[in-house]
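Reading through the C-alpha coordinates given below for one structure.
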Amino acid sequence: MMDTKNLLEQLLWGGGYLLLAPLAGGLLAGFDRILTARMQSRKGPPVLQPFYDVFKLLEKRGTVVNGFQNFYMICFLIFVMLTGVLFFSGGDLLLTIFALTVAGVFLVLGAYSTNSPYSTIGAERELLQMMAYEPMLLIVAIGMYLVTCSFQVRDIITFSAPIVYSLPAVFIGFIFILTIKFRKSPFDLSSSHHGHQEIVKGISTEFSGPTLALFEIAHWYENILLLGFVYLFFAAFGPVVAVVSSIVAYIIEIFIDNAYARLTWRFTVRASWTVAATFGVVNILVIALLK
Amino acid sequence: MSFLKKSPWILHYDGSSCNGCDIEVLACLTPLYDIERFGIINTGNPKHADVFLITGSVNEQNIPIIKRLYEQMPDPKVVVAVGICATSGGIFQECYNVKGGIDKVIPVDVYVPGCAARPEAIIDGVVQGLGVLEKKYAALKNKPSKTAA
Ligand code: SF4
(Lines give C-alpha, C1' and ligand atoms only; values in the text may rest on other atoms or scores of the structure.)
Protein backbone atom coordinates (compact mmCIF):
# COMPACT_ATOMS: atom_id res chain seq x y z
CA MET A 1 0.00 0.00 0.00
CA MET A 2 2.75 2.40 1.02
CA ASP A 3 4.67 1.54 -2.14
CA THR A 4 1.86 2.31 -4.55
CA LYS A 5 1.24 5.61 -2.78
CA ASN A 6 4.93 6.47 -3.12
CA LEU A 7 4.93 5.49 -6.75
CA LEU A 8 1.88 7.60 -7.43
CA GLU A 9 3.50 10.57 -5.73
CA GLN A 10 6.67 10.13 -7.79
CA LEU A 11 4.69 9.92 -11.01
CA LEU A 12 2.79 13.04 -10.03
CA TRP A 13 5.94 15.02 -9.33
CA GLY A 14 7.68 13.79 -12.47
CA GLY A 15 4.67 14.52 -14.67
CA GLY A 16 4.16 17.85 -12.96
CA TYR A 17 7.73 18.78 -13.79
CA LEU A 18 7.33 17.80 -17.44
CA LEU A 19 4.22 19.95 -17.80
CA LEU A 20 4.94 22.91 -15.56
CA ALA A 21 8.70 23.39 -15.86
CA PRO A 22 8.55 24.96 -19.35
CA LEU A 23 5.82 27.33 -18.11
CA ALA A 24 7.77 28.32 -15.04
CA GLY A 25 11.05 28.44 -16.98
CA GLY A 26 9.56 30.67 -19.67
CA LEU A 27 8.07 33.04 -17.11
CA LEU A 28 11.40 33.11 -15.31
CA ALA A 29 13.13 34.03 -18.56
CA GLY A 30 10.58 36.80 -19.18
CA PHE A 31 11.07 38.11 -15.66
CA ASP A 32 14.82 37.93 -16.28
CA ARG A 33 14.56 40.07 -19.41
CA ILE A 34 12.41 42.70 -17.72
CA LEU A 35 14.70 42.90 -14.70
CA THR A 36 17.75 43.11 -16.96
CA ALA A 37 16.10 45.92 -18.92
CA ARG A 38 15.26 47.78 -15.71
CA MET A 39 18.86 47.45 -14.55
CA GLN A 40 19.87 49.14 -17.82
CA SER A 41 17.11 51.78 -17.28
CA ARG A 42 15.04 50.41 -20.17
CA LYS A 43 11.45 49.29 -20.05
CA GLY A 44 11.95 45.80 -21.41
CA PRO A 45 9.69 43.37 -23.27
CA PRO A 46 6.41 41.90 -21.96
CA VAL A 47 6.80 39.08 -19.46
CA LEU A 48 5.49 36.54 -22.00
CA GLN A 49 8.16 37.51 -24.56
CA PRO A 50 10.15 34.24 -24.28
CA PHE A 51 6.96 32.33 -25.19
CA TYR A 52 6.38 34.61 -28.20
CA ASP A 53 9.97 33.98 -29.26
CA VAL A 54 9.66 30.21 -29.05
CA PHE A 55 6.29 30.13 -30.84
CA LYS A 56 7.75 32.32 -33.55
CA LEU A 57 10.74 30.02 -33.94
CA LEU A 58 8.36 27.10 -34.35
CA GLU A 59 6.66 28.99 -37.18
CA LYS A 60 9.88 29.58 -39.09
CA ARG A 61 11.33 27.27 -41.71
CA GLY A 62 14.45 25.75 -40.25
CA THR A 63 17.61 25.39 -42.27
CA VAL A 64 19.26 22.10 -41.48
CA VAL A 65 22.99 21.99 -42.06
CA ASN A 66 23.35 18.34 -41.19
CA GLY A 67 20.64 15.72 -40.66
CA PHE A 68 22.16 14.67 -37.35
CA GLN A 69 21.78 18.13 -35.93
CA ASN A 70 18.08 17.75 -35.12
CA PHE A 71 18.55 14.22 -33.80
CA TYR A 72 21.14 15.45 -31.31
CA MET A 73 18.99 18.39 -30.27
CA ILE A 74 16.00 16.15 -29.63
CA CYS A 75 18.25 13.85 -27.55
CA PHE A 76 19.47 16.91 -25.66
CA LEU A 77 15.92 17.96 -24.83
CA ILE A 78 14.88 14.43 -23.87
CA PHE A 79 17.85 13.98 -21.56
CA VAL A 80 17.30 17.34 -19.88
CA MET A 81 13.66 16.36 -19.31
CA LEU A 82 14.70 12.95 -18.02
CA THR A 83 17.15 14.55 -15.63
CA GLY A 84 14.46 16.81 -14.28
CA VAL A 85 12.01 13.93 -13.86
CA LEU A 86 14.66 11.95 -11.97
CA PHE A 87 15.28 14.88 -9.68
CA PHE A 88 11.70 15.96 -9.07
CA SER A 89 10.39 12.44 -8.52
CA GLY A 90 12.87 12.14 -5.67
CA GLY A 91 15.47 10.01 -7.44
CA ASP A 92 19.20 9.71 -7.03
CA LEU A 93 21.13 12.99 -6.95
CA LEU A 94 24.28 11.45 -8.47
CA LEU A 95 22.31 9.93 -11.32
CA THR A 96 20.71 13.32 -11.93
CA ILE A 97 24.09 14.97 -12.25
CA PHE A 98 25.36 12.29 -14.64
CA ALA A 99 22.21 12.45 -16.77
CA LEU A 100 22.65 16.22 -16.99
CA THR A 101 26.19 15.68 -18.22
CA VAL A 102 24.95 13.28 -20.92
CA ALA A 103 22.45 15.94 -22.02
CA GLY A 104 25.30 18.43 -22.26
CA VAL A 105 27.31 16.00 -24.39
CA PHE A 106 24.41 15.73 -26.86
CA LEU A 107 24.31 19.50 -27.16
CA VAL A 108 28.04 19.58 -27.87
CA LEU A 109 27.68 16.83 -30.48
CA GLY A 110 24.84 18.76 -32.12
CA ALA A 111 27.01 21.86 -32.36
CA TYR A 112 30.01 19.89 -33.69
CA SER A 113 27.87 18.20 -36.35
CA THR A 114 27.25 21.50 -38.13
CA ASN A 115 30.93 22.06 -38.99
CA SER A 116 30.60 25.80 -38.62
CA PRO A 117 33.64 27.50 -37.07
CA TYR A 118 31.45 29.48 -34.65
CA SER A 119 29.58 26.39 -33.51
CA THR A 120 32.82 24.48 -33.16
CA ILE A 121 34.34 27.15 -30.94
CA GLY A 122 31.09 27.21 -28.99
CA ALA A 123 31.15 23.43 -28.58
CA GLU A 124 34.76 23.47 -27.43
CA ARG A 125 34.01 26.18 -24.92
CA GLU A 126 30.95 24.23 -23.73
CA LEU A 127 33.21 21.25 -23.01
CA LEU A 128 35.57 23.52 -21.08
CA GLN A 129 32.62 24.89 -19.13
CA MET A 130 31.50 21.37 -18.28
CA MET A 131 35.01 20.65 -17.09
CA ALA A 132 34.82 23.79 -14.96
CA TYR A 133 31.49 23.18 -13.20
CA GLU A 134 31.40 19.39 -12.94
CA PRO A 135 33.68 19.05 -9.83
CA MET A 136 31.58 21.52 -7.86
CA LEU A 137 28.34 19.75 -8.82
CA LEU A 138 29.77 16.48 -7.55
CA ILE A 139 30.88 18.17 -4.34
CA VAL A 140 27.30 19.36 -3.84
CA ALA A 141 26.08 15.76 -4.11
CA ILE A 142 28.82 14.44 -1.81
CA GLY A 143 28.18 17.20 0.73
CA MET A 144 24.47 16.42 0.79
CA TYR A 145 25.27 12.75 1.26
CA LEU A 146 27.59 13.49 4.18
CA VAL A 147 24.91 15.57 5.89
CA THR A 148 21.84 13.43 5.23
CA CYS A 149 23.45 9.98 4.66
CA SER A 150 21.50 9.54 1.42
CA PHE A 151 21.82 10.39 -2.25
CA GLN A 152 18.05 10.20 -2.71
CA VAL A 153 16.41 13.57 -3.29
CA ARG A 154 13.30 12.46 -1.37
CA ASP A 155 15.44 11.84 1.74
CA ILE A 156 17.42 15.04 1.34
CA ILE A 157 14.29 17.13 0.97
CA THR A 158 12.73 15.72 4.15
CA PHE A 159 15.92 16.09 6.20
CA SER A 160 15.10 17.82 9.47
CA ALA A 161 17.85 20.50 9.62
CA PRO A 162 18.46 23.09 6.87
CA ILE A 163 21.33 21.82 4.76
CA VAL A 164 22.62 25.31 4.10
CA TYR A 165 23.68 25.52 7.77
CA SER A 166 26.00 22.54 7.36
CA LEU A 167 27.15 23.38 3.84
CA PRO A 168 27.37 27.19 3.65
CA ALA A 169 30.62 27.23 1.65
CA VAL A 170 29.39 24.51 -0.70
CA PHE A 171 26.33 26.66 -1.31
CA ILE A 172 28.49 29.67 -2.24
CA GLY A 173 30.49 27.47 -4.60
CA PHE A 174 27.28 26.19 -6.14
CA ILE A 175 26.01 29.74 -6.74
CA PHE A 176 29.35 30.40 -8.46
CA ILE A 177 28.97 27.56 -10.95
CA LEU A 178 25.27 28.33 -11.35
CA THR A 179 26.39 31.39 -13.34
CA ILE A 180 28.06 29.02 -15.80
CA LYS A 181 25.05 26.72 -15.99
CA PHE A 182 22.60 29.57 -16.52
CA ARG A 183 24.82 30.80 -19.42
CA LYS A 184 25.19 34.18 -17.81
CA SER A 185 27.96 36.74 -17.94
CA PRO A 186 30.87 36.60 -17.03
CA PHE A 187 30.77 32.93 -18.00
CA ASP A 188 28.59 32.97 -21.12
CA LEU A 189 31.53 31.63 -23.08
CA SER A 190 29.92 28.98 -25.25
CA SER A 191 26.91 30.92 -26.45
CA SER A 192 27.47 34.62 -26.04
CA HIS A 193 24.32 36.23 -24.75
CA HIS A 194 24.18 38.77 -27.56
CA GLY A 195 24.39 37.59 -31.14
CA HIS A 196 26.61 40.40 -32.40
CA GLN A 197 29.69 39.39 -30.48
CA GLU A 198 32.86 37.60 -31.36
CA ILE A 199 31.51 34.05 -31.71
CA VAL A 200 28.08 35.18 -32.98
CA LYS A 201 25.90 32.80 -30.92
CA GLY A 202 28.55 30.15 -30.40
CA ILE A 203 27.01 26.78 -29.77
CA SER A 204 23.57 27.78 -31.13
CA THR A 205 24.78 29.74 -34.18
CA GLU A 206 23.74 27.07 -36.67
CA PHE A 207 20.44 26.17 -35.04
CA SER A 208 17.57 28.01 -36.63
CA GLY A 209 13.78 27.94 -36.46
CA PRO A 210 12.30 24.91 -34.68
CA THR A 211 15.72 23.55 -33.70
CA LEU A 212 16.51 26.74 -31.84
CA ALA A 213 13.10 26.50 -30.16
CA LEU A 214 14.12 23.06 -28.81
CA PHE A 215 17.31 24.60 -27.46
CA GLU A 216 15.35 27.35 -25.68
CA ILE A 217 12.82 24.94 -24.19
CA ALA A 218 15.60 22.66 -22.95
CA HIS A 219 17.21 25.68 -21.34
CA TRP A 220 13.98 26.45 -19.46
CA TYR A 221 13.76 22.88 -18.19
CA GLU A 222 17.39 23.06 -17.12
CA ASN A 223 16.95 26.34 -15.25
CA ILE A 224 14.06 25.00 -13.21
CA LEU A 225 16.06 21.87 -12.40
CA LEU A 226 19.01 23.97 -11.22
CA LEU A 227 16.75 26.10 -9.03
CA GLY A 228 15.55 22.78 -7.62
CA PHE A 229 19.11 22.23 -6.41
CA VAL A 230 19.01 25.60 -4.63
CA TYR A 231 15.67 24.53 -3.11
CA LEU A 232 17.33 21.47 -1.55
CA PHE A 233 19.68 23.68 0.46
CA PHE A 234 16.72 25.45 2.08
CA ALA A 235 14.12 22.66 2.04
CA ALA A 236 13.91 22.35 5.84
CA PHE A 237 12.66 25.95 6.19
CA GLY A 238 9.46 24.92 4.40
CA PRO A 239 8.44 25.32 0.78
CA VAL A 240 7.73 29.08 0.85
CA VAL A 241 11.13 30.10 2.17
CA ALA A 242 12.85 27.57 -0.09
CA VAL A 243 11.11 28.83 -3.24
CA VAL A 244 11.82 32.43 -2.29
CA SER A 245 15.48 31.53 -1.72
CA SER A 246 15.65 29.98 -5.18
CA ILE A 247 14.18 33.11 -6.74
CA VAL A 248 16.57 35.32 -4.79
CA ALA A 249 19.45 33.15 -6.04
CA TYR A 250 18.21 33.75 -9.59
CA ILE A 251 17.99 37.52 -9.04
CA ILE A 252 21.57 37.49 -7.75
CA GLU A 253 22.57 35.71 -10.97
CA ILE A 254 20.81 38.39 -13.05
CA PHE A 255 22.67 41.05 -11.13
CA ILE A 256 26.01 39.30 -11.73
CA ASP A 257 25.06 38.95 -15.40
CA ASN A 258 24.60 42.69 -15.77
CA ALA A 259 27.57 43.72 -13.68
CA TYR A 260 30.36 41.78 -15.39
CA ALA A 261 31.89 41.53 -18.83
CA ARG A 262 32.74 38.11 -20.22
CA LEU A 263 35.93 36.46 -18.98
CA THR A 264 38.25 34.04 -20.76
CA TRP A 265 37.86 30.28 -20.56
CA ARG A 266 41.22 30.01 -18.79
CA PHE A 267 40.00 32.21 -16.00
CA THR A 268 36.69 30.36 -15.86
CA VAL A 269 38.28 26.95 -15.41
CA ARG A 270 40.88 28.22 -12.97
CA ALA A 271 38.38 30.20 -10.89
CA SER A 272 35.74 27.50 -10.69
CA TRP A 273 38.28 24.83 -9.76
CA THR A 274 39.77 27.13 -7.15
CA VAL A 275 36.32 27.74 -5.71
CA ALA A 276 35.56 24.00 -5.75
CA ALA A 277 38.90 23.18 -4.12
CA THR A 278 38.63 25.82 -1.39
CA PHE A 279 34.94 26.39 -0.58
CA GLY A 280 33.77 22.91 -1.54
CA VAL A 281 36.54 20.65 -0.28
CA VAL A 282 37.18 22.57 2.95
CA ASN A 283 33.48 22.52 3.84
CA ILE A 284 33.30 18.81 3.15
CA LEU A 285 36.42 18.08 5.19
CA VAL A 286 35.02 20.02 8.15
CA ILE A 287 31.73 18.08 7.96
CA ALA A 288 33.53 14.76 7.65
CA LEU A 289 35.86 15.48 10.56
CA LEU A 290 33.10 16.72 12.85
CA LYS A 291 31.05 13.58 12.31
CA MET B 1 -2.30 35.80 -36.50
CA SER B 2 1.21 34.55 -36.10
CA PHE B 3 3.82 35.17 -33.45
CA LEU B 4 6.27 36.61 -35.99
CA LYS B 5 4.88 40.06 -35.25
CA LYS B 6 5.64 39.76 -31.59
CA SER B 7 9.26 38.76 -31.79
CA PRO B 8 11.07 40.09 -34.85
CA TRP B 9 14.79 39.52 -34.59
CA ILE B 10 16.93 41.89 -36.62
CA LEU B 11 20.12 41.38 -38.54
CA HIS B 12 21.84 44.68 -39.12
CA TYR B 13 24.31 44.95 -41.98
CA ASP B 14 26.29 48.03 -42.94
CA GLY B 15 26.78 48.16 -46.72
CA SER B 16 28.83 51.24 -47.53
CA SER B 17 27.17 53.78 -45.32
CA CYS B 18 28.80 56.86 -43.84
CA ASN B 19 27.96 55.35 -40.42
CA GLY B 20 25.28 57.94 -39.82
CA CYS B 21 22.41 55.53 -40.29
CA ASP B 22 24.16 52.82 -38.26
CA ILE B 23 24.37 55.10 -35.28
CA GLU B 24 20.66 55.77 -35.63
CA VAL B 25 19.94 52.03 -35.81
CA LEU B 26 21.91 51.45 -32.65
CA ALA B 27 20.19 54.42 -31.03
CA CYS B 28 16.98 52.37 -31.26
CA LEU B 29 18.46 49.99 -28.69
CA THR B 30 19.21 52.69 -26.14
CA PRO B 31 16.95 53.39 -23.15
CA LEU B 32 15.33 56.33 -25.00
CA TYR B 33 13.79 54.20 -27.78
CA ASP B 34 14.28 50.68 -26.34
CA ILE B 35 13.01 48.54 -29.20
CA GLU B 36 13.16 45.46 -26.97
CA ARG B 37 9.77 46.68 -25.71
CA PHE B 38 8.35 45.21 -28.92
CA GLY B 39 10.35 42.02 -28.57
CA ILE B 40 12.86 43.20 -31.17
CA ILE B 41 16.34 41.82 -30.67
CA ASN B 42 19.42 42.87 -32.59
CA THR B 43 20.97 39.53 -33.41
CA GLY B 44 24.19 39.27 -35.33
CA ASN B 45 23.27 35.88 -36.71
CA PRO B 46 21.47 35.59 -40.09
CA LYS B 47 20.16 32.16 -39.14
CA HIS B 48 18.25 33.59 -36.20
CA ALA B 49 17.03 36.72 -37.95
CA ASP B 50 13.61 37.64 -39.36
CA VAL B 51 14.29 41.19 -40.49
CA PHE B 52 17.31 42.16 -42.58
CA LEU B 53 18.11 45.80 -41.87
CA ILE B 54 20.61 47.26 -44.31
CA THR B 55 22.17 50.70 -44.17
CA GLY B 56 24.30 52.20 -46.90
CA SER B 57 24.51 51.40 -50.58
CA VAL B 58 25.69 48.30 -52.36
CA ASN B 59 29.24 48.40 -53.66
CA GLU B 60 30.97 45.92 -55.94
CA GLN B 61 32.68 44.16 -53.04
CA ASN B 62 29.73 43.47 -50.76
CA ILE B 63 27.33 42.08 -53.38
CA PRO B 64 28.17 38.41 -52.57
CA ILE B 65 28.03 39.11 -48.84
CA ILE B 66 24.58 40.67 -48.97
CA LYS B 67 23.34 37.81 -51.14
CA ARG B 68 24.75 35.18 -48.79
CA LEU B 69 23.34 36.83 -45.66
CA TYR B 70 19.96 37.01 -47.35
CA GLU B 71 20.07 33.36 -48.35
CA GLN B 72 21.14 32.24 -44.88
CA MET B 73 18.07 33.76 -43.25
CA PRO B 74 15.30 31.19 -42.78
CA ASP B 75 11.90 31.95 -44.36
CA PRO B 76 9.75 33.99 -43.84
CA LYS B 77 11.97 37.09 -43.90
CA VAL B 78 11.78 40.75 -44.87
CA VAL B 79 14.37 43.28 -45.99
CA VAL B 80 14.27 46.85 -44.74
CA ALA B 81 16.52 49.38 -46.48
CA VAL B 82 17.40 52.18 -44.04
CA GLY B 83 18.56 55.59 -45.23
CA ILE B 84 18.56 57.15 -48.65
CA CYS B 85 21.85 55.36 -49.51
CA ALA B 86 20.23 51.96 -49.06
CA THR B 87 17.18 53.11 -50.97
CA SER B 88 18.87 54.45 -54.09
CA GLY B 89 22.57 54.96 -53.53
CA GLY B 90 22.07 58.47 -52.18
CA ILE B 91 25.01 60.84 -52.39
CA PHE B 92 27.30 57.92 -53.22
CA GLN B 93 25.29 57.02 -56.29
CA GLU B 94 27.85 58.36 -58.76
CA CYS B 95 30.87 56.72 -57.14
CA TYR B 96 32.84 54.36 -59.38
CA ASN B 97 32.45 51.45 -56.96
CA VAL B 98 28.79 51.91 -56.02
CA LYS B 99 26.14 49.85 -57.68
CA GLY B 100 23.14 51.64 -56.15
CA GLY B 101 20.38 50.79 -53.69
CA ILE B 102 19.93 47.41 -52.01
CA ASP B 103 17.17 46.43 -54.45
CA LYS B 104 19.84 46.05 -57.12
CA VAL B 105 20.89 42.82 -55.38
CA ILE B 106 18.06 41.43 -53.26
CA PRO B 107 14.31 42.19 -53.09
CA VAL B 108 13.56 45.00 -50.65
CA ASP B 109 10.21 45.09 -48.83
CA VAL B 110 10.31 48.41 -46.99
CA TYR B 111 12.23 51.60 -47.81
CA VAL B 112 13.01 54.01 -44.99
CA PRO B 113 14.27 57.27 -46.51
CA GLY B 114 16.16 59.95 -44.63
CA CYS B 115 19.74 61.09 -44.26
CA ALA B 116 20.17 59.89 -41.65
CA ALA B 117 16.91 58.04 -41.04
CA ARG B 118 15.61 58.95 -37.59
CA PRO B 119 15.12 56.18 -35.01
CA GLU B 120 11.36 56.79 -35.08
CA ALA B 121 11.37 56.27 -38.84
CA ILE B 122 13.47 53.09 -38.50
CA ILE B 123 11.12 51.63 -35.90
CA ASP B 124 8.18 52.57 -38.11
CA GLY B 125 9.86 50.86 -41.07
CA VAL B 126 10.40 47.68 -39.09
CA VAL B 127 6.79 47.71 -37.92
CA GLN B 128 5.64 48.04 -41.54
CA GLY B 129 7.98 45.19 -42.40
CA LEU B 130 6.16 43.05 -39.85
CA GLY B 131 2.98 43.41 -41.89
CA VAL B 132 4.85 42.10 -44.92
CA LEU B 133 6.31 39.30 -42.80
CA GLU B 134 2.81 38.28 -41.79
CA LYS B 135 1.70 38.10 -45.43
CA LYS B 136 4.76 36.09 -46.40
CA TYR B 137 4.07 33.66 -43.57
CA ALA B 138 0.50 33.16 -44.76
CA ALA B 139 1.75 32.54 -48.30
CA LEU B 140 4.37 30.12 -47.02
CA LYS B 141 1.84 28.17 -45.01
CA ASN B 142 -0.20 27.46 -48.11
CA LYS B 143 2.87 26.18 -49.92
CA PRO B 144 4.04 22.65 -49.09
CA SER B 145 7.36 22.56 -47.23
CA LYS B 146 10.35 21.61 -49.35
CA THR B 147 12.90 21.28 -46.58
CA ALA B 148 11.28 19.31 -43.82
CA ALA B 149 12.72 20.49 -40.52
S1 SF4 C 1 21.59 57.99 -45.82
FE2 SF4 C 1 22.90 59.66 -45.11
S3 SF4 C 1 23.39 59.12 -43.00
FE4 SF4 C 1 22.59 57.29 -43.97
S5 SF4 C 1 24.40 56.20 -44.67
FE6 SF4 C 1 23.68 57.47 -46.38
S7 SF4 C 1 24.84 59.35 -46.20
FE8 SF4 C 1 25.03 58.30 -44.25
Side-chain angles (χ1 to χ4, degrees), chain A residues 30 33-34 36-65 67 69-71 73-74 114 116 118-119 122 191-216, chain B residues 1-14 22 25-51 53 68-78 130 133-134 136-141 143-149:
Chain A
R33 278 177 69 175
I34 290 183
T36 300
R38 293 290 151 89
M39 283 182 187
Q40 300 165 355
S41 67
R42 291 185 294 116
K43 191 159 172 291
V47 74
L48 294 180
Q49 189 60 43
F51 293 104
Y52 299 153
D53 290 349
V54 161
F55 287 131
K56 176 207 71 178
L57 288 171
L58 290 173
E59 282 172 353
K60 299 267 296 183
R61 288 266 163 98
T63 34
V64 179
V65 191
Q69 184 186 337
N70 284 348
F71 169 72
M73 282 316 277
I74 290 168
T114 60
S116 136
Y118 298 119
S119 288
S191 92
S192 60
H193 188 63
H194 297 286
H196 43 84
Q197 290 172 352
E198 89 280 16
I199 53 167
V200 191
K201 266 291 196 183
I203 201 155
S204 62
T205 299
E206 295 297 318
F207 303 144
S208 60
T211 322
L212 188 64
L214 290 186
F215 177 79
E216 291 290 330
Chain B
M1 172 63 208
S2 74
F3 286 94
L4 282 161
K5 265 191 151 157
K6 295 203 152 161
S7 112
W9 291 359
I10 286 179
L11 173 68
H12 170 210
Y13 178 74
D14 174 357
D22 300 290
V25 168
L26 293 179
C28 297
L29 296 170
T30 57
L32 187 58
Y33 298 102
D34 185 25
I35 48 169
E36 208 198 349
R37 278 179 300 153
F38 310 117
I40 302 178
I41 290 181
N42 180 15
T43 162
N45 185 354
K47 300 202 170 174
H48 293 181
D50 310 298
V51 181
L53 208 71
R68 197 185 314 148
L69 286 175
Y70 181 71
E71 278 156 14
Q72 279 183 340
M73 286 171 61
D75 280 320
K77 56 191 167 192
V78 290
L130 297 184
L133 203 61
E134 191 92 326
K136 285 192 176 178
Y137 174 64
L140 206 67
K141 238 190 355 195
K143 248 194 328 198
S145 161
K146 257 184 282 174
T147 50

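When reading the values below, keep in mind they use all heavy atoms of this one structure, side chains included, and skip hydrogens, waters and symmetry mates.
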So for B:Ile41, is it side chain, backbone, both, or neither that comes closer than 4.5 Å to the heavy atoms of chain A? side chain

Keeping A:Lys60 on the side-chain end and B:Ala49 on the backbone end, is there a donor-acceptor pair under 3.5 Å? yes

With chain B as the partner, which of A:Leu212, A:Leu57, A:Leu58 has the greatest number of non-hydrogen pairs under 4.5 Å? A:Leu212

List the atom of A:Arg33, the atom of A:Pro45, and the distance in Å for their closest heavy-atom pair. NE-CG, 3.7 Å

Looking at A:Arg61 and B:Asp75, is any side-chain nitrogen of the basic one under 4.0 Å from a carboxylate oxygen of the acidic one? no

Name the member of A:Lys56, A:Gln69, A:Gln49 that forms the most heavy-atom pairs with chain B at distances under 4.5 Å. A:Lys56

If you tally heavy-atom pairs under 4.5 Å between each of A:Gly44, A:Ser208, A:Pro46 and chain B, the highest tally belongs to A:Gly44

Evaluate side-chain hydrogen bond (donor to acceptor under 3.5 Å, both in side chains) for B:Asn42 paired with B:His12, printing each intermediate quantity in order. CA-CA 7 Å; B:Asn42 180 15; B:His12 170 210; 5.1 Å; no

